[in-house]
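Within every chain, numbering begins at 1; the chains are lettered A, B, ... in the order of the sequence lines, protein sequences first and strands thereafter.
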Amino acid sequence: MNLTLKIWRQKSATAEGQMVSYDVSGISADSSFFEMLDTLNQKLIMSGGDPVSFDHDCREGICGTCSLYINGRPHGPEKGVTTCQLHMRSFKDGDTIHIEPWRARAFPVISDLIVDRSAFDKIIQAGGYVSVNTGGVPDANTIPVPKEKSDEAFDAATCIGCGACVAACSNAAAMLFIGAKVSHLALLPQGQVEAAKRVQQMVACMDELGFGNCSNTYACEAECPKGISVSNIARMNREFLSAKLFAEKEKIIQDSL
Amino acid sequence: MLLYSSITKKVLMALAGLFLVTFLCVHLGINLMLLKGDGGLMFSEAATFMGTNQVIKVFEIVLFAGFLLHILFGILVSFQNRAARPTAYACGNSSETSFFSKYMFHTGIIVFIFLVLHFIDFYFIKIGIVAPPPGIASHDFYHRTLLLFSSPWYSLLYIISFLFLGIHLNHAIQSGFQTLGWNHSKYMDAVKFIGSAYSLLITVGFSIVPLYILLSK
Amino acid sequence: MTRLNARAPEGPVAEKWTAYKAGCKLVNPNNKRKLDIIVVGTGLAGASAAASLGQLGYNVKVFCYQDTPRRAHSIAAQGGINAAKNYQNDGDSAYRLFYDTIKGGDYRAREANVYRLAEVSNQIIDLCVAQGVPFAREYGGLLTNRSFGGAQVSRTFYARGQTGQQLLLGAYGALSRQIAAGNVTLYNRRDVLDMVLVDGKARGIIARNLVTGEIERHAAHAVVLANGGYGNVFFLSTNAMGSNVTPAWSAYKKGAMFANPSFTQIHPTCIPVHGDAQSKLTLMSESLRNDGRIWVPAKLKDVERLRNKEVKPSDIPESDRDYYLERRYPAFGNLVPRDVASRAAKERCDAGFGVGTTGVAVYLDFADAIKRKGHDTIDSLYGNLFQMYQQIVAESPYETPMMIYPAVHYTMGGLWVDYELMTTIPGLYAIGECNFSDHGANRLGASALMQGLADGYFVLPYTIGNYLAAEIHTPRFDPASSEFNTAAQAVTDRLKSIKNTGAKESVDHFHRRLGKIMWEYCGMARNEAGLNEALYLIAELRGEYARGVKIPGGVNEYNPELEKACRVADFIDLGELMVRDALQRSESCGGHFREEYQTSEGEALRNDDEFAFVGAWEYKGRDAAQLHREELQFKEIKLSQRSYK
């Protein structure tokens with residue numbers, strides 16, 4: 001396959017960037033998208049150019065490192081896959097492919113196609129866990145969990161934190177990311193203990209980091225490589241409202257909000 | 001208000017919006033009385049009731065507050081959303097989404113402009129800020145309506161406005177449910193259907209009146 | 001040759017850990033605050049250790065090369081995690097798990113460590129459930145299990161095909177909680193390039209900020225390495241692109257011994273290689289072998305017809321199929337340990353019975369299972385794996401058998417550690433895959449997750465206290481001291497020298513060549529002549545690398561090629577040590593199969609009289625290393641020829 005690539009090039013966080021055009025040829029349709037970019041980079045390196053920086057690691061669709069906005073869609077044209085699992089057979093010979101980094105105020109560009117997603121870490125640090133210590137927990141089978149709930153929790157927990165939801169959202173909102181974590185933990189008895197505190201703190205953190213609001217366009221669900229449902233956002237809203245309206249207020253939470 | 005969390009803002013917007021949706025239903029009911037062909041007797045009676053009843057007066061304040069809240073939050077949230085992505089994509093988004101959902105702000109603005117005109121034409125006349133057209137009493141909504149709808153241009157504008165309102169509502173109703181957390185896999189399809197049906201009803205229902213008046217002229 | 005002492009407590013194996021815990025020194029909470037610990041890596045071992053140590057009150061600094069701790073390659077583990085819960089009432093116990101692990105490892109692991117692993121395995125499951133890890137459950141609401149290779153009981157807990165991901169998110173959550181509490185500081189996008197020793201003890205590290213290129217110094221009272229395995233020495237492996245040996249290798253060069261480097265695990269169920277541009281291999285969970293049946297055509301003419309696409313696999317009648325694992329190992333069938341399954345696949349392909357366009361693949365067939373259990377059951381068990389396969393290969397496993405072939409997956413070798421998980425450098429610990437300790441010459445499925453979390457949650461927090469108890473009077477170290485200056489300068493010089501070579505070929509070019517050498521001569525089957533050839537080829541490659549690697553960009557900026565160049569330089573050196581180790585071990589055991597040492601039936605032939613030891617290598621300059629032995633004593637388990645027939 002022969003392709004024309006239009007790629008966002010930006011030397012560093014502070015530098016100006018622009019779209020630059022490249023041609024690649026002889027790409028196998030069985031290659032992955034990254035193997036195609038590898039081929040481009042090898043060519044650039046050998047011809048004294050500057051290879052394109054992009055984030056990638058496991059290359060099997062699970063670590064969530066990869067983050068390319070391809071032809072107007074995060075992770076490209078295929079539904080339910082990450083960029084690393086995108087194969088060139090999804091494109092036609094002679095295609096022009098636009099490749100851009102995720103765009104959001106909370107995800108500043110570091111270099112070329114790489115963005116800083118530590119905002120997601122901060123949101124999890126705000127409460128995306130169950131506060132248990134190592135040691136001193138009951139036997140794993142002490143609390144039965146209905147299989148349906150457990151499965152639903154798992155569906156929410158499959159989030160890989162890639163940020164495609166933010167990239168796809170017209171408002172750069174992180175609601176699906178947070179909704180998934182809030183849902184995962186709120187659906188399990190182990191997570192319910194802190195549910196009220198968790199949702200309030202995570203939402204407050206999200207707002208502080210400059211993500212947008214949810215307009216319920218559901219672009220996030222359409223682009224999520226793990227197919228996480230927007231019903232998780234509704235569940236978060238529900239949790240949030242009931243926390244605001246009915247939860248006992250702890251002094252420390254009041255202060256931290 | 002600025003300090004409210006993103007979800008609180010959206011929830012208040014949704015609550016106000018859903019309240020306005022129920023108000024539309026009442027308004028439509030009164031409008032449809034024009035079709036009765038009794039020379040506006042029933043319509044005027046209803047209009048007088050709405051204009052004089054003390055309980056309704058309280059609700060009027062709530063209604064204005066609802067409009068204000070919905071519009072102000074709508075503007076506020078839209079600005080915040082724009083700020084959340086300072087650099088736009090070179091290649092526009094082509095994700096699969098419901099088409100109308102992306103244009104809530106735009107349809108909202110059109111509906112708002114209509115609302116202003118509507119206020120000037122009716123409410124401002126009623127409370128005496130604007131002088132009524134010659135020969136029509138300030139509280140005579142029936143003749144005022146007949147006069148306005150006798151103009152094909154005004155009727156067209158009216159119908160187009162309600163088309164946009166319908167588009168706005170089509171997404172808004174299910175969106176309101178989602179924002180309030182009333183999303184359940186068992187019921188969401190029904191909510192979406194009812195939302196679409198209701199928005200169609202509003203557009204068609206409100207459009208019948210000018211069409212009827214024009215055609216029966 | 002010195003004889004290494006693991007310093008395991010005396011007494012019966014089942015009581016050693018209890019005895020250790022009762023006798024080890026403790027650090028009081030006020031003093032913990034004065035002690036700093038560096039953890040390198042945020043996989044299951046690193047994240048769980050950092051979280052647990054932070055929770056205890058130590059000041060922890062944790063480093064990862066990824067943009068966030070949650071992306072460490074533990075996430076890629078699909079199948080599950082073992083624990084001796086005996087929830088299935090099928091006769092499991094800590095002893096059985098211990099026994100299976102020792103036997104599965106072909107009797108090359110240390111009894112005391114393995115027993116401890118089996119013993120704490122149950123606590124891991126309890127903790128993970130409390131953290132909200134959504135393990136698979138029965139309709140009654142209790143946890144369910146599946147069986148896995150190398151065991152006759154169902155002891156594997158799982159979360160669909162994402163067990164590693166879910167466990168790591170649990171540990172990442174715990175870590176995030178400690179970060180928020182201020183007990184742990186996270187340093188992401190950092191490569192740890194060197195260890196700093198003060199008076200012979202590990203006291204810090206030199207790291208490179210991958211975004212700015214800045215060389216940073218970090219001091220601590222103890223350093224914990226949890227940087228994972230080194231499978232990427234083969235270029236193509238199931239490891240992540242960034243997985244590397246550099247922190248462990250820098251420790252080796254500073255005096256930590258490297259044990260059993262040649263023990264690598266080749267995973268039997270990976271997606272076969274498609275072509276030259278291939279950058280990595282994708283694993284299909286071993287759990288697929290529970291329901292899939294492995295076969296190749298029994299007749300060479302069918303192989304030909306399949307390759308020419310004249311017939312479909314489903315057209316081959318039962319009588320013309322060779323279910324070679326079921327044929328050779330009737331008792332375990334498709335569930336034989338990984339090394340056995342991998343070699344059997346290679347044997348068939350080498351004999352010309354391989355399928356697919358390249359002829360290096362075998363079928364993993366679900367037709368029977370779908371018929372027996374129904375489409376929906378199979379979908380609920382393996383749905384996401386099937387999807388993943390279809391995405392990569394563009395064929396549906398529901399309709400046609402999967403094609404699989406072995407690929408490098410896990411490295412049992414690693415830094416030598418004693419019972420306390422301390423390397424031969426005082427104050428330097430190695431946990432998880434980067435140590436050598438628990439899996440002997442072969443790791444059983446679903447044991448890596450268990451070991452990583454056991455080390456991080458339940459072992460290291462005790463053993464590191466025993467060391468740090470004597471350090472409470474040691475003041476915080478000054479990262480501007482001469483030891484740090486020297487180390488930082490050495491790193492800077494090394495980066496400059498790598499950057500300024502002759503510029504002929506890219507880093508990947510050399511890495512690919514190294515991978516080919518290793519796969520060819522030090523892969524699934526090895527022999528003396530091949531290994532000697534490999535030594536020669538690696539020396540040649542190293543020479544070329546030093547003279548002609550081309551790296552664009554500068555040292556003080558974001559430069560992924562420079563990162564790779566440092567990693568590959570270490571891989572080349574490590575490759576050589578692996579070959580040396582494979583040469584010295586004149587026997588076959590587990591993942592190490594020397595063609596000269598096999599039974600008449602082609603099975604691995606151990607030599608327990610001469611090789612029942614851990615081979616630990618000491619760095620003696622760039623191309624020299626000295627072998628030390630830790631004799632393995634089997635008091636609980638009688639050594640026997642592994643048989644899965």
* Structure fact -> Ranking C:V133, C:V129, C:D126 by heavy-atom pairs under 4.5 Å to chain A gives rank one to C:D126

* Structure fact -> Highest number of heavy-atom pairs under 4.5 Å with chain A among C:R137, C:Q66, C:K85 belongs to C:R137

* So which part of A:V193 gets closer than 4.5 Å to some heavy atom of chain C, the side chain, the backbone, both or neither? -> neither

* Asked: At a heavy-atom separation under 4.5 Å, does A:F34 approach chain C through its side chain, its backbone, both, or neither?
  -> neither

* To do: Could you look at C:Q55 and say if it's the side chain, the backbone, both or neither that has a heavy atom under 4.5 Å from chain A?
  => side chain

* Measure A:D38 against the heavy atoms of chain C and call it side chain, backbone, both or neither at under 4.5 Å. => side chain

* Structure fact -> Tightest non-hydrogen contact, residues A:S150 and C:P134, listed as O-CB, 4.2 Å

* Asked: Is it the side chain or the backbone of C:I125 that comes within 4.5 Å of chain A heavy atoms, both, or neither?
  -> both

* **Criterion side-chain contact (heavy atoms from CB on, under 4.5 Å) on A:M46 and C:S506, from CA distance to verdict** => CA-CA 7 Å; A:M46 294 321 291; C:S506 69; 4.2 Å; yes

* So which part of C:E557 gets closer than 4.5 Å to some heavy atom of chain A, the side chain, the backbone, both or neither? -> side chain

* C:R567: partners by salt bridge (Lys or Arg N to Asp or Glu O under 4.0 Å), with sequence neighbours left out -> C:D191, C:E563

* Asked: When only pairs under 4.5 Å are counted, which of C:P560, C:C128, C:A394, C:G553 shares the most heavy-atom pairs with chain A?
  -> C:A394

* Side chain, backbone, both or neither: which part of A:K11 has a heavy atom under 4.5 Å from chain C? -> side chain

* C:I392, part contacting chain A, at a heavy-atom distance under 4.5 Å -> both

* Structure fact -> When rounded to the nearest 0.5 Å, the distance separating CD of A:Q42 from CD of C:E505 is 9.0 Å

* Distance-minimising heavy-atom pair for C:Y457 and A:T134 -> O-CG2, 3.4 Å

* Closest heavy-atom pair and its distance - C:P69, A:D121 -> CD-OD2, 3.8 Å

* Can you tell which part of C:L56 gets under 4.5 Å to a heavy atom of chain A, answering side chain, backbone, both or neither? => neither

* **Heavy atoms from other residues, nucleotides or ligands near OH of C:Y462 exceed 12 (cutoff 6.0 Å)** => no

* Interface moiety of C:R189 toward chain A, non-hydrogen atoms closer than 4.5 Å -> side chain

* Considering only heavy atoms and a distance below 4.5 Å, find which of C:K280, C:Q278, C:E561 pairs most often with chain A. => C:K280

* **Engaged part of A:V81 at the chain C interface, taking heavy atoms whose separation is under 4.5 Å** => side chain

* Counting distance only, does the side-chain N/O of A:H184 pair as donor-acceptor with the main-chain N or O of C:G132 below 3.5 Å? -> yes

* Asked: Can you name the residues that form a salt bridge (Lys or Arg N to Asp or Glu O under 4.0 Å) with A:E194, not counting sequence neighbours?
  -> A:R198

* Of the listed residues (C:Q78, C:R160, C:Q387, C:Q178), which shares the most heavy-atom pairs with chain A below a 4.5 Å separation? -> C:R160

* Side chain, backbone, both or neither: which part of C:A181 has an atom under 4.5 Å from a heavy atom of chain A? -> neither

* Stepwise side-chain contact (heavy atoms from CB on, under 4.5 Å) test for A:F120 and C:T68 -> CA-CA 9 Å; A:F120 272 8; C:T68 149; over 6 Å; no

* Can you check whether A:Y129's main-chain N or O pairs, donor with acceptor, with C:R177's side chain at less than 3.5 Å? -> no

* Measure the spacing between CG of A:D57 and CG of C:D67 and express it to the nearest 0.5 Å. => 9.0 Å

* Asked: Minimum heavy-atom separation for C:A130 to A:V137, with atom names?
  -> CB-CG1, 3.7 Å

* Test C:S279 against A:R59 for side-chain hydrogen bond (donor to acceptor under 3.5 Å, both in side chains), laying out the working first. => CA-CA 9 Å; C:S279 58; A:R59 293 205 178 186; 2.7 Å; yes

* Asked: When you check the side-chain N and O atoms of A:E60 and C:T282, is any donor under 3.5 Å from an acceptor?
  -> no

* Mind checking the OG-CD1 spacing from C:S176 to A:I123? Nearest 0.5 Å is all I need. => 11.5 Å

* Asked: Does a side-chain heavy-atom distance below 4.5 Å link C:Y87 with A:D139?
  -> yes

* Tell me, for A:S111 versus chain C, whether the close heavy atoms (under 4.5 Å) come from the side chain, the backbone, both or neither. => side chain

* Sort C:Y65 into side chain, backbone, both or neither according to what part of it lies under 4.5 angstrom from a heavy atom of chain A. => side chain

* To do: Report the C-alpha distance between C:Q162 and A:T158 in whole Å, list the side-chain angles of each, state the deciding distance to 0.1 Å, and finish with yes or no for side-chain hydrogen bond (donor to acceptor under 3.5 Å, both in side chains).
  => CA-CA 8 Å; C:Q162 286 193 7; A:T158 54; 5.1 Å; no

* Derivation of the side-chain contact (heavy atoms from CB on, under 4.5 Å) call for A:I45 and C:K550 -> CA-CA 8 Å; A:I45 292 167; C:K550 186 166 179 125; 4.2 Å; yes

* Considering only NZ, NE, NH1 and NH2 on the basic side and carboxylate oxygens on the acidic side, decide whether A:K147 and C:E138 come within less than 4.0 Å. => no

* Asked: How long is the span from the SG atom in A:C63 to the CG atom in C:L168, to the nearest 0.5 Å?
  -> 11.0 Å

* For atom NZ of A:K149, is the number of surrounding heavy atoms from other residues, nucleotides or ligands below 6.0 Å larger than 12? -> no

* Structure fact -> Turns out that what part of C:V393 lies under 4.5 Å from chain A's heavy atoms comes down to backbone

* Structure fact -> Honestly, the part of C:Q166 sitting under 4.5 Å from a heavy atom of chain A is side chain

* To do: Answer yes or no: is there a donor N or O on one side and an acceptor on the other, between the side chain of A:N141 and the main chain of C:L143, under 3.5 Å?
  => yes

* Asked: To the nearest 0.5 Å, how far apart are SG in A:C159 and CG in C:L169?
  -> 8.0 Å

* Tell me, for A:L187 versus chain C, whether the close heavy atoms (under 4.5 Å) come from the side chain, the backbone, both or neither. => neither

* Top contributor to chain C interface from A:I27, A:D151, A:N41, A:L185 [non-hydrogen pairs under 4.5 Å] -> A:D151

* **Where C:R70 and A:I160 come nearest, the two heavy atoms and their spacing** => NH2-C, 3.3 Å

* To do: Could you tell me which portion of C:K504 (side chain, backbone, both or neither) has an atom closer than 4.5 angstrom to a non-hydrogen atom of chain A?
  => backbone

* Working to the nearest 0.5 Å, report the span between CG of C:L175 and CD of A:Q125. => 8.0 Å

* Among C:Q131, C:M388, C:H509, who wins on heavy-atom pairs under 4.5 Å with chain A? -> C:Q131

* Of the non-hydrogen atoms in A:P51 and C:P552, which two are nearest, and what is the gap between them? -> CD-CG, 3.4 Å

* To do: Apply side-chain hydrogen bond (donor to acceptor under 3.5 Å, both in side chains) to the pair C:Y558 and A:D112, showing each step before the final yes or no.
  => CA-CA 10 Å; C:Y558 184 80; A:D112 292 343; over 6 Å; no

* Might you work through the side-chain contact (heavy atoms from CB on, under 4.5 Å) test for A:E148 and C:Y139, ending with a clear yes or no? => CA-CA 8 Å; A:E148 301 76 18; C:Y139 280 102; 3.9 Å; yes

